[in-house]
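Ligands are counted one by one from 1 in listed order, and the atoms in each one are counted from 1 as well.
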Amino acid sequence: MDKLALFGGEKARTKAFTNRAFFGNEERKGIAAVLKSGILSGFVARAGDNFYGGKYVRELENQVKKYFDIKYAVSVNSATAGLHAAIGACGIGPGDEVIVTPYSMSASATAIIMMNAIPVFADIEDKSFCIDPKKIEKLISRRTKAIIAVHLFGYPAKMRSIMKIAKKYDLKVIEDCAQAPGALYKGKYVGTFGDAGVFSFNQHKTITCGEGGVAITNNGSLALRMQLIRNHGEAVCESMALEDIDNIVGFNYRMTELEACVALAQFKKLDSLNRHRIALARYLTKKLSVFKGLALPQEGKGSRHVYFVYPIRLTEKRIGITRDNLVRALQAEGIPCGAGYVRPIYMEPIYRNKIAYGKRGCPFTCVFYKKRIDYSKGICPVTELMHERDLMLLPVCRYPHTRKDMDDVVRAFKKIYNNLSVIRKELE
Ligand SMILES: *Cc1c(COP(=O)(O)O)cnc(C)c1O
């Protein structure tokens with residue numbers, strides 16, 4: 001039995017796994033062309049052609065439209081900006097409630113607060129880790145205006161049920177697809193089910209231009225309102241003779257030509273990067289299935305998981321050691337992995353203390369919102385269980401890693417499973 005690295009033995013893996021992005025000639029050529037043109041941003045905050053951005057911004061948007069077979073694409077300088085613009089464009093404002101998962105990157109919920117509305121957290125499913133449609137309906141009140149579904153870790157949320165609920169109660173649906181570009185639900189791209197879908201091109205996502213994102217929609221007036229929020233709408237709405245100026249408080253969420261040309265080149269690689277992730281993940285699933293106590297990711301019928309990370313739900317009792325010790329042992333073996341994901345969003349101080357804008361508690365305490373929203377521990381028990389005990393994440397299924405790298409992961413698991421009693425004796 002090999003001695004565990006945790007107790008001074010040799011590591012199962014000595015070479016670091018990479019988490020950087022890779023660029024090729026396409027990105028380099030694009031950047032050189034942009035620099036040569038002397039135009040780093042084509043945007044002007046005035047009605048007219050330049051209101052919609054420069055050449056590469058529009059080329060990127062056209063490419064995105066074609067890929068998703070959707071009518072409108074609005075590039076932005078982050079997915080956070082895209083979510084803010086989408087929520088604003090949907091007419092959500094003070095006193096409104098929006099139902100969202102607590103198990104996501106913070107921006108999925110903060111974007112609601114940006115419009116002075118109230119996030120209401122619905123618990124997740126313990127298989128998909130996405131919002132549980134069965135938990136949504138109970139939370140709907142006369143203030144509810146929208147649902148935000150996040151396709152977490154690259155796996156689609158249950159969009160059919162979510163859309164059914166939205167239709168029944170006349171709610172908007174915004175899909176946060178930051179971790180799931182190219183994922184499918186029932187054979188259809190995520191981001192194309194709801195009123196708007198939002199993608200991220202930040203450094204850590206499947207495709208990246210450093211910072212950036214795009215929102216997609218089939219609704220023309222929603223697209224225009226997102227464009228106005230992106231580019232100083234208050235200064236252009238009169239010359240565009242707009243009637244609905246609610247929420248048209250403009251920001252500068254414009255993407256530069258440099259980012260757009262990199263995003264464009266990256267976007268063309270999306271399918272091959274996803275194929276690479278999926279192949280490695282499936283290989284890993286096959287190899288890890290021999291270890292007891294691990295629930296490995298499932299791929300539903302008609303769904304495509306794009307494995308932004310590889311999630312494992314584990315049963316501590318069956319393994320015989322705690323998740324945290326398993327994660328510690330894997331990390332010591334040279335395998336990057338995380339115990340849980342983020343903490344439930346409602347545990348962050350702005351929610352716990354209900355302080356966002358100013359010191360008086362707006363929007364949680366506000367003339368338009370007399371209700372007392374509950375953000376206490378215990379409101380979403382499944383999320384809390386994943387956070388505290390059941391979930392671990394492996395961020396290894398990605399280019400340029402190969403099956404050989406996955407074999408190192410498997411070797412580390414094997415070593416640890418051969419030494420479970422040692423870990424129990426030493427650490428538990
Ligand atoms: C990364 C991420 C965001 C935010 O993306 P940015 O482009 O960094 O603003 C939002 N939601 C989820 C689920 C994410 O993973």
Side-chain angles (χ1 to χ4, degrees), residues 19 21 57 60 64 73-88 98-115 119 121-122 124-125 128-131 146-157 159 162 173-183 185 190-191 194 196-216 226 229-230 251-256 259-260 262-263 266-267 270 273-274 277 305-311 338 340-346 348 383 386-387 391 393 395 398:
N19 60 4
V57 158
L60 169 67
V64 170
V74 180
S75 63
V76 276
N77 53 22
S78 72
T80 305
L83 288 167
H84 184 189
I87 295 165
V98 178
I99 296 174
V100 65
T101 169
Y103 214 33
S104 185
M105 194 255 164
S106 63
S108 307
T110 313
I112 300 164
I113 293 180
M114 288 175 187
M115 289 314 304
F121 294 102
I124 59 169
E125 294 181 317
S128 69
F129 312 113
C130 297
I131 196 165
I147 301 167
I148 297 180
V150 182
H151 308 294
L152 200 69
F153 307 148
Y155 194 69
M159 289 314 297
I162 293 169
V173 174
I174 295 161
E175 294 176 73
D176 179 342
C177 314
Q179 302 186 0
Y185 180 73
V190 302
V198 179
F199 297 82
S200 171
F201 305 141
N202 90 15
Q203 175 66 36
H204 313 285
K205 298 305 184 336
T206 305
I207 52 172
T208 179
C209 62
E211 305 287 357
V214 67
I216 60 174
M226 291 196 284
I229 292 170
R230 166 176 76 177
F251 290 77
N252 177 348
Y253 286 162
R254 310 178 303 201
M255 190 185 254
T256 73
E259 289 150 350
V262 173
Q266 287 271 296
F267 198 81
L270 175 60
L273 289 170
N274 275 338
R277 283 172 181 264
H305 198 321
V306 291
Y307 296 100
F308 176 65
V309 289
Y310 186 93
Y341 176 45
V342 291
R343 54 179 181 174
I345 296 175
Y346 53 81
E348 299 302 339
T383 303
M386 295 307 136
H387 171 60
L391 183 72
L393 300 175
R398 54 179 296 169

Q: State, with a plain yes or no, whether a side-chain heavy atom of Leu270 is found less than 4.5 Å away from one of Thr206.
A: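 They are in side-chain contact.
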Q: Is there a side-chain contact between Asn202 and Ser78 in this structure, where contact means two heavy atoms from C-beta onward sitting under 4.5 Å apart?
A: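 The answer is no; the side chains never approach within 4.5 Å.
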Q: Could you check whether any side-chain heavy atom of Phe251 comes within less than 4.5 Å of a side-chain heavy atom of Ile229, counting everything from C-beta outward?
A: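 They are in contact (side-chain heavy atoms under 4.5 Å apart), so the answer is yes.
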Q: Protein N/O near ligand 1 N/O, under 3.5 Å, which pairs?
A:
unit_1: ligand 1; atom_1: 5 (O); unit_2: Ser200; atom_2: OG; d: 3.4
unit_1: ligand 1; atom_1: 7 (O); unit_2: Ala79; atom_2: N; d: 2.8
unit_1: ligand 1; atom_1: 7 (O); unit_2: Ser200; atom_2: OG; d: 2.7
unit_1: ligand 1; atom_1: 8 (O); unit_2: Asn202; atom_2: ND2; d: 2.8
unit_1: ligand 1; atom_1: 9 (O); unit_2: Ala79; atom_2: N; d: 3.3
unit_1: ligand 1; atom_1: 9 (O); unit_2: Thr80; atom_2: N; d: 2.8
unit_1: ligand 1; atom_1: 9 (O); unit_2: Thr80; atom_2: OG1; d: 2.5
unit_1: ligand 1; atom_1: 11 (N); unit_2: Asp176; atom_2: OD1; d: 3.3
unit_1: ligand 1; atom_1: 11 (N); unit_2: Asp176; atom_2: OD2; d: 2.7
unit_1: ligand 1; atom_1: 15 (O); unit_2: Gln179; atom_2: NE2; d: 2.9
unit_1: ligand 1; atom_1: 15 (O); unit_2: Lys205; atom_2: NZ; d: 3.2

Q: Go through the structure and list residues passing side-chain contact (heavy atoms from CB on, under 4.5 Å) with Ala86, not counting sequence neighbours.
A: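 Ala86 satisfies side-chain contact (heavy atoms from CB on, under 4.5 Å) with Ile174, Ala196, Val198, Met226 only.
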Q: Answer yes or no: is there a side-chain heavy-atom contact under 4.5 Å between Arg230 and Ser75?
A: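 Answer yes - side chains close enough.
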Q: Would you indicate whether the side-chain heavy atoms of Leu152 and Thr101 approach each other to under 4.5 Å?
A: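 Sidechains of Leu152 and Thr101: no contact.
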